[in-house]
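Just below is one structure, and these are the notes that go with it.
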Number of protein chains: 2
Amino acid sequence: MSNDEKIYQQILKAIIEHQLPPGARLPEDSLAVAFGVSRTGIRKVLQRLALEHFVVIVKNKGAQVNRPNETEALEVLDSRILIEPQLIHELLPHWNTTHSQTFRTMVQEENSAEQNSQLADSIQLTARFHYELAKLSGNRILAAFVEQLCYRSSLILAAYGTRGSVSCDGGDHSKLLDLLDKKDANNAEKWMRDHLKHIKASLILESREEQNIDFKRLFSR
Amino acid sequence: MSNDEKIYQQILKAIIEHQLPPGARLPEDSLAVAFGVSRTGIRKVLQRLALEHFVVIVKNKGAQVNRPNETEALEVLDSRILIEPQLIHELLPHWNTTHSQTFRTMVQEENSAEQNSQLADSIQLTARFHYELAKLSGNRILAAFVEQLCYRSSLILAAYGTRGSVSCDGGDHSKLLDLLDKKDANNAEKWMRDHLKHIKASLILESREEQNIDFKRLFSR
DNA sequence: GGGGGGGGCATTGTATACAATGGGTCGAGA
DNA sequence: TCTCGACCCATTGTATACAATGCCCCCCCC
């Protein structure tokens with residue numbers, strides 16, 4: 001893996017695990033010394049992260065970790081609801097006992113992370129479950145897109161998620177595996193859709209609009 | 001629009017219109033003098049184009065316009081087949097006569113471009129029809145993804161498309177508008193799926209594998 | 001005491017210089 | 001004449017220098 005890629009992975013990991021919380025500033029200089037490279041390399045990574053919506057770069061003000069707003073959160077979940085259930089049909093023909101084993105191991109990791117109250121690990125493992133599944137579809141473009149959506153979901157869950165919305169996953173995911181083992185495409189698809197809708201519904205979206213306050217209306221007597 | 005953005009748009013346009021054909025090299029220096037900036041600005045744009053799969057950057061060898069292979073072409077079309085038909089349901093509630101007018105005008109442009117044998121224009125207008133439609137879904141994330149897929153499709157059509165696969169679109173697109181005007185969601189969805197499948201089927205994918213030649217097998221007596 | 005303006009500092013934007021890599025060409029030897 | 005090798009040039013990778021911007025604080029004036 002190239003050096004840039006390593007830096008990218010490390011920063012992305014830190015963002016997803018909320019070691020770099022939403023809103024955190026990412027000064028080029030500090031990162032440059034931290035990784036032992038010049039600002040040039042850091043800028044490249046930051047711009048990639050910006051294109052993928054993990055950070056926001058404001059001209060002449062630099063980068064900070066994206067703080068997804070309500071609209072973005074809902075759109076990410078809606079995108080997943082539209083795509084992931086359909087991928088079930090694509091991946092089921094390839095599904096075999098080896099995959100089943102691998103994914104059941106992953107579910108166990110999720111459960112133990114959850115029981116130890118390692119929220120960050122739990123969220124990340126949940127994301128991984130979903131995008132590893134997407135990869136089995138065989139369509140690398142869609143798999144990459146789902147992967148990005150899952151990572152963005154990690155950010156969203158950490159910001160708007162309730163404990164319940166994350167922790168119910170462990171049990172849930174193994175149910176999907178049962179359906180896949182039975183080659184029950186329709187119920188597996190339905191399960192996936194309901195699962196994602198459940199997560200979407202569990203988000204706490206305080207609807208106080210911080211933006212677009214209509215001062216004129218507000219202060220007209 | 002920022003300066004970078006302008007450069008990005010110009011290069012992207014040139015790629016989609018095949019003024020920069022697949023495989024064309026994009027030396028940083030030449031582009032830098034062409035746009036009157038230093039290599040720094042060009043590199044940023046090229047890396048963005050690379051992340052979006054319009055160019056390929058090979059370390060120490062630079063950038064060239066992506067030449068989509070068979071697999072990539074099929075995956076792009078499959079992605080669109082999975083997403084776009086479903087978006088019909090999302091956009092139909094917002095569909096009104098104003099939209100209808102706008103899109104019918106677009107179809108006319110497509111037809112005239114096609115009649116004048118302006119293949120590049122025709123391909124691009126077709127792409128635009130699809131992603132403008134996607135934008136009406138209200139989900140900006142999916143719309144942006146579809147937009148990217150449509151642009152990639154332009155590259156693919158120019159490389160693998162038959163004249164028929166492009167030119168049949170003009171008449172086709174207006175049929176979809178009729179269905180949308182009738183608020184016939186199911187048939188509009190079906191139309192979209194068939195339309196994309198038709199395009200996919202019309203690609204000429206010569207299956208001579210240029211890569212991964214198995215010399216060992218080839219030359220073992 | 002409060003508000004507005006100016007200056008300094010921290011940070012990013014852009015260009016350029018130098019290092020490193022890859023490919024192509026020219027020449028020597030078989 | 002063909003092949004292998006070394007050198008050179010074109011191009012990219014990386015670091016650094018300087019310019020430009022924005023923010024914050026302080027001071028001055030009202």
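The structure presented is a predicted model; accordingly, all values stated were derived computationally and were not measured. Every chain is numbered from 1 and lettered A, B, ... according to where its sequence line falls, protein lines coming before strand lines. Quick note: numbers below take in every heavy atom, side chains included, and nothing from hydrogens, waters or symmetry partners.
As rounded to whole Å, 18 Å separates atom P of D/dT12 from atom NZ of B/Lys44. Atom CD1 in B/Ile57 sits about 10 Å away from atom C1' in D/dT12, given to the nearest Å. Rounded to whole angstrom, the span from the CG atom of A/Leu31 across to the P atom of C/dT11 amounts to 12 Å. With rounding to whole Å, A/Arg25 atom CZ is found 6 Å from C/dT12 atom P. Rounded to whole angstrom, the span from the CD1 atom of B/Ile7 across to the P atom of C/dG13 amounts to 15 Å. As rounded to whole Å, 15 Å separates atom C1' of C/dG13 from atom CD1 of B/Ile42. Between the CG atom of A/Leu26 and the C1' atom of C/dA10 there is a distance of 16 Å, given to the nearest Å. For the pair B/Lys59 NZ and C/dA20 P, the interatomic distance rounds to 12 Å; values are reported in whole Å.
A distance below 6.0 Å separates the ring centres of A/His130 and A/His173.
The backbone N or O of B/His53 lies less than 3.5 Å from a partner atom in the side chain of B/Asn66, making a donor-acceptor pair. Put simply, the side chain of B/Thr102 gets close to the backbone of B/Thr98: a donor and an acceptor are under 3.5 Å apart.
The listed nucleotides are C/dA15, D/dG13, C/dT12; the one nearest the side chain of A/Asp29 is C/dT12. Considering only side-chain atoms of B/Pro27, the nucleotide from D/dT12, C/dT14, D/dT16 that sits closest is D/dT12. Each of C/dT12, C/dT16, D/dG13 was ranked by its minimum atom distance to the side chain of B/Thr40; first place goes to C/dT16. Side chain of A/Glu28, nearest nucleotide from D/dT12, C/dA15, C/dT12: C/dT12. Here the side chain of B/Asn60 is nearest to one of C/dG22, D/dT11, C/dT14, namely C/dG22.
Nucleotides of DNA chain D nearest to A/Lys61 and A/Asp4 differ in position, and the one nearer the 5' end is that of A/Asp4. Between B/Ser30 and A/Gly41, the residue anchored closer to the 5' end of DNA chain D is B/Ser30, taking for each the nucleotide with the nearest heavy atom.
Geometrically, A/Arg152 does not engage A/Phe54 in a cation-pi contact, judged by NZ or CZ lying under 6.0 Å from the ring centre and within 45° of the ring axis.
A salt bridge links A/Asp78 and A/Lys200; the closest N-O separation between the charged side-chain nitrogens and carboxylate oxygens is under 4.0 Å.
Taking 4.0 angstrom as the limit, B/Arg39 places none of its side-chain polar atoms (N or O) nearer than this to OP1 or OP2 of C/dA15.
Across all strands shown, D/dC30 forms a Watson-Crick or G-U wobble pair with C/dG1, both key distances being under 3.5 Å.
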